[in-house]
Every structure is written in C-alpha cells, then in structure tokens.
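Written below as structure tokens is the structure these notes are about.
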Amino acid sequence: MVVSKEAGSSSYSLPPYPREDTPLLGKAPPLSSNLKTFANIFISIVGAGVLGLPYSFKRTGWLMGLVMLFAVALLTYHCMMLLVLTRRKLESLAPLARIPSFGDLGFAICGPMGRFAVDVMILLSQSGFCVSYLIFISTTLAFLANPSSQTTPLFLGFTPKVLFLWACFPFQLGLNSVRTLTHLAPLSIFADVVDLAAKSVVMVEDVLVFLRNKPELKTFGGLSVFFYGIGVAVYAFEGIGMILPLETEAKDKKIFGRVLGLGMGFISVLFGLFGGLGYLAFGEDTKDIITTNLGAGVISVFIQLGLCINLFFTFPIMMNPVYEVVERRFCGSRYSLWLRWLIVLVISLVALSVPNFADFLSLVGSSVCVVLSFVLPALFHCIVFKEELGWRCVVGMGRLWFLGLLLQLLGLTLP
C-alpha cells in the first residue's frame, strides 16, 4: 500500500491538471454546508440515466423495477461509504497527506496501477454517458422534426437522426474547446434548471395520461430482464467518482454519511417515481426514450427541447474528466485542442452505431459502471482494512466481486 505525497487528481478537477509527482498538499477548498452538500450530491448523481428507467420498467415489470432500483441504490450507497471510510483511514495514518479523488485513492493504495485502473474506468464511463447524451439529443430532435419517418433517408442517404447528430458536432467542438469548467458554469446552472423543470412536467404529464388511458401493466418480467434492469439502474446512479471531492468540501464531515444517505434516498424515490409513472402512463407502448411517448403539442415540444438543451450543455462538462485523464497521460497535462476534437469525433461515431438508448444504458451500466461503483471500492477497502477485519473483509469483498461479475455476465449476455 502506498501512502505518500505523490498523487494527482484522476478526475473531476479543474486545470491545471496535476502530474504523477504533484504533491497532495494544497490550498483547502471552501467548505459546504449540509444543505449545499445535499444539493451537490443531487446534481452529481441525477443525469441522463433516469430517462431510460420507464422503458426498463416496461421490460422488468413495475414491481421488479422498483425492487432492483432500490437494491442498486442501497448497494451504491454502501460502496460510496467504503470509499469514504478507506480515504479516512489512510489520511489518519498520514495526517499530512491529502487524497482528494478516486484516482488518488487508487494511487495511494495500489500505486500507478491503481490510478490506471480508475482512469480507464472513468474514461470509459464518462465517454459512455456522453454517447447516451448524443443518442438522446439526435433521436429526440428527429422525432420532433418528423415523428412518422425517423428512419427514412432525407439528405444524401442520411436519416434525420444522423443529420441532427452531425449538426450538433461543430457546436460541440466549440464547447469542448473551452479550457476550464469555470467558463461553462453559467451554462451548467441554466441546464440544471431546465432539466429539473422538464422532468417535473414529464411526471405530471405521465399522471394525466395514466388517468385517461389506464393501460395494462405487468408486475414481473423474468430473471433475464431483471439483470437488464439492474444495468440501467447502475447507470442511473452515476456519481460515485464525485463522492470523495464532495466529502472533502463538506463542512461537517461527521454526518456526511447521513447527508449522503438522505440524498441517495431522495434520489431513489425520484427515480422510482419517474420510471414508474412513465410505465404506468404508456404500459407496453413505452419507448426507450420516454419523451417520444408524449406526442404532439406545445408542452411536449418544450419538454423535449428542454431535456436536449440540458444534455447538450452537460456534454462538455461530463467530458472534462476524460480530457483530464487523456491529456495527463499523453500530453503531460498540457491542453490539447486536436486531441479533444478527436475524442468528440470518436464519441459521435459510436453514438451513430447504437440502435437503442435504453439498451446502451444497460450495456454501460452492466460493464463499466459495475467495476467503478462496486468492484474497485470493495477492493480498495479490503486492502486497507484487511488487518482489522480479517476474513470478514475478504468475504465482504468476495460478495461484491461475485455480484459485480454476475451483473456483468448476465447483463451483457441475456436479452
């Protein structure tokens, strides 16, 4: 186990990016009240994954969908606290050391290989999130432009979805050229406000549609689709990489666990309502992108545009950890415009090849997010606490590893 002053932030940090030999000591960040910490937890976790929950509930059944959602929330909270407790233990052994991020924790425990493992998982997960953003934006805009012929080629053999994705491409090149997140902060705040308003209206619309139609619903969808739903749920709780920075900035660290638990509970209820109401409203007609079920009308158009605006401006913010990792690894932490543009191009090409939004969420959740959220926290915790916990630590890590492997295998192979 490596506990030293040599570590760098692996993700979620503002430039200039630290190097492998950057000291951990630095200026302490401003501390956040419990209310602000709660708000930051909410912002860090709630993302595009919630939009795939109604379709997931359609496949799993509403009761099984709720069970797997709350089970994943509880397990995610447990693994988040494993990271917090592991970091606290290491810092108690070396009071002058500071471990601000997930990647720093991997470096402190396993050296460069630990940081590399976290880097790879963060790069894949953040890129996967941004691929899903482009899928949602292009599919939604194609639906708004012509709901009846989304797959009909319009220009040079390209479908509306492809045309809208490439229309977004030059604007994303511009946004992703911004060096620091500070300049994107006003756009981020605006996007969050629009997102919350749009999702709230979606849930109200779902209730009204359900009262009119009352479609037939299923309770259980079978074991195979249960693991599909687990993958979507793991994807939805996408903020584990932000937990250590959030605890660092919390003013009252003694009750951070309770604040985190309250936040996770609130988000779980919100996710359950969004997924459940979406399925209750449309039943077996629920589509992979729930907003395309809303039909025509001014309110429906504004909802869908609002969600697209949110994801459009969130894209460069979610890509920042990817640029941090790649520029630190290949450019000596120097800003590289051509490398950023190349990454945006690759992500756009991947988005073009994905046929289904919710299926892609399950794929990313069952593979990359399982490792990042469950496997690595359990491994790091076991290494640090093995002398204190003994066989109990090994058994606990083994359970989480077995569960992670099971979710990966079944989530990737079962229909």
Side-chain angles (χ1 to χ4, degrees), residues 33-81 84 129 192-211 217-221 226 228-240 242-243 246 250 255-283 286 289-291 293-294 303 306-307 310 358 361-362 365 369 373-374:
S33 65
N34 292 332
L35 182 60
K36 186 177 179 181
T37 300
F38 179 90
N40 288 337
I41 290 170
F42 181 86
I43 293 171
S44 300
I45 294 177
V46 178
V50 67
L51 298 172
L53 288 176
Y55 181 79
S56 176
F57 277 36
K58 167 193 169 181
R59 295 192 60 177
T60 63
W62 66 269
L63 183 57
M64 183 179 286
L66 289 174
V67 169
M68 60 86 182
L69 183 68
F70 290 121
V72 168
L74 181 61
L75 186 58
T76 302
Y77 169 73
H78 173 70
C79 290
M80 288 176 173
M81 289 307 301
V84 172
F129 299 152
D192 288 335
V193 171
V194 171
D195 179 58
L196 287 175
K199 288 176 180 174
S200 300
V201 176
V202 168
M203 288 190 285
V204 173
E205 285 287 312
D206 288 341
V207 173
L208 297 177
V209 172
F210 171 72
L211 293 176
L217 306 172
K218 64 183 177 183
T219 306
F220 294 97
F226 176 81
Y228 171 92
I230 287 286
V232 176
V234 172
Y235 181 102
F237 294 99
E238 61 187 49
I240 194 167
M242 283 296 293
I243 293 306
L246 289 177
I255 65 169
F256 176 79
R258 277 182 281 173
V259 176
L260 177 60
L262 183 62
M264 288 293 292
F266 177 78
I267 293 169
S268 301
V269 172
L270 179 65
F271 282 7
L273 285 173
F274 191 90
L277 290 175
Y279 176 53
L280 288 175
F282 302 103
T286 304
I289 297 180
I290 185 61
T291 52
N293 278 109
L294 298 179
I303 291 172
L307 292 172
N310 167 63
L361 301 191
S362 180
C369 294
S373 299
F374 303 150

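Fair warning: this is a prediction, and the values are worked out from it, not measured in the lab.
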Specify the closest pair of heavy atoms between [X] and [Y], including all atoms of both residues, with the distance to one decimal.
X    : Y    : result
Y228 : S56  : CE2-CA, 4.3 Å
A250 : F256 : CB-CD1, 4.0 Å
I240 : S373 : CD1-O, 3.4 Å
G229 : T60  : CA-CG2, 3.9 Å
I290 : F282 : CD1-CD1, 3.8 Å
L69  : G272 : CD2-N, 3.3 Å

In the structure I gave you, are the side-chain heavy atoms of [X] and [Y] within less than 4.5 Å of one another anywhere?
X    : Y    : result
E205 : V201 : yes
V50  : L53  : yes
L260 : M264 : yes
M80  : I45  : yes
F210 : L277 : no

For K199, enumerate each residue passing the side-chain hydrogen bond (donor to acceptor under 3.5 Å, both in side chains) test, keeping only those at least two apart in sequence or located in another chain.
->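 Scan of K199 (side-chain hydrogen bond (donor to acceptor under 3.5 Å, both in side chains), adjacent residues dropped) gives D195.
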Residues two or more places apart in sequence or in another chain: which of them pass side-chain hydrogen bond (donor to acceptor under 3.5 Å, both in side chains) with Y279?
->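 Y279: side-chain hydrogen bond (donor to acceptor under 3.5 Å, both in side chains) contacts with E284.
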From CA spacing to verdict: side chain to side chain contact (heavy atoms under 4.5 Å, CB included), Y55, N293 | CA-CA 11 Å; Y55 181 79; N293 278 109; over 6 Å; no
Would you say Y77's side chain and G263's backbone share a donor-acceptor pair under 3.5 angstrom?
->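 No: the side chain of Y77 does not pair with the backbone of G263.
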Output all residues satisfying ring pair (Phe, Tyr, Trp, His ring centres under 6.0 Å) with F271, sequence neighbours left out; order by chain, then residue number.
->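 Partners of F271 under the ring pair (Phe, Tyr, Trp, His ring centres under 6.0 Å) test: F237.
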Of all residues at least two apart in sequence or in a different chain, which pass the ring pair (Phe, Tyr, Trp, His ring centres under 6.0 Å) check with F57?
->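 By the ring pair (Phe, Tyr, Trp, His ring centres under 6.0 Å) rule, F57 matches no residue at all.
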T76 vs F374, side chain to side chain contact (heavy atoms under 4.5 Å, CB included): CA-CA, chis, key distance, verdict = CA-CA 7 Å; T76 302; F374 303 150; 3.8 Å; yes
With S33, which residues qualify under side chain to side chain contact (heavy atoms under 4.5 Å, CB included), at least two apart?
->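 Here the qualifying residues are L35, K36.
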Go through the structure and list residues passing side chain to side chain contact (heavy atoms under 4.5 Å, CB included) with L74, not counting sequence neighbours.
->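 By the side chain to side chain contact (heavy atoms under 4.5 Å, CB included) rule, L74 matches no residue at all.
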For the pair F42 and F266, name the ring-plane relationship: parallel under 30°, tilted 30 to 60°, perpendicular over 60°.
->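 Ring orientation, 0 to 90° scale: tilted.
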Interatomic spacing from CG in L262 to CZ in F38 - rounded to 0.5 Å =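 Reported value, rounded in 0.5 Å steps: 5.0 Å.
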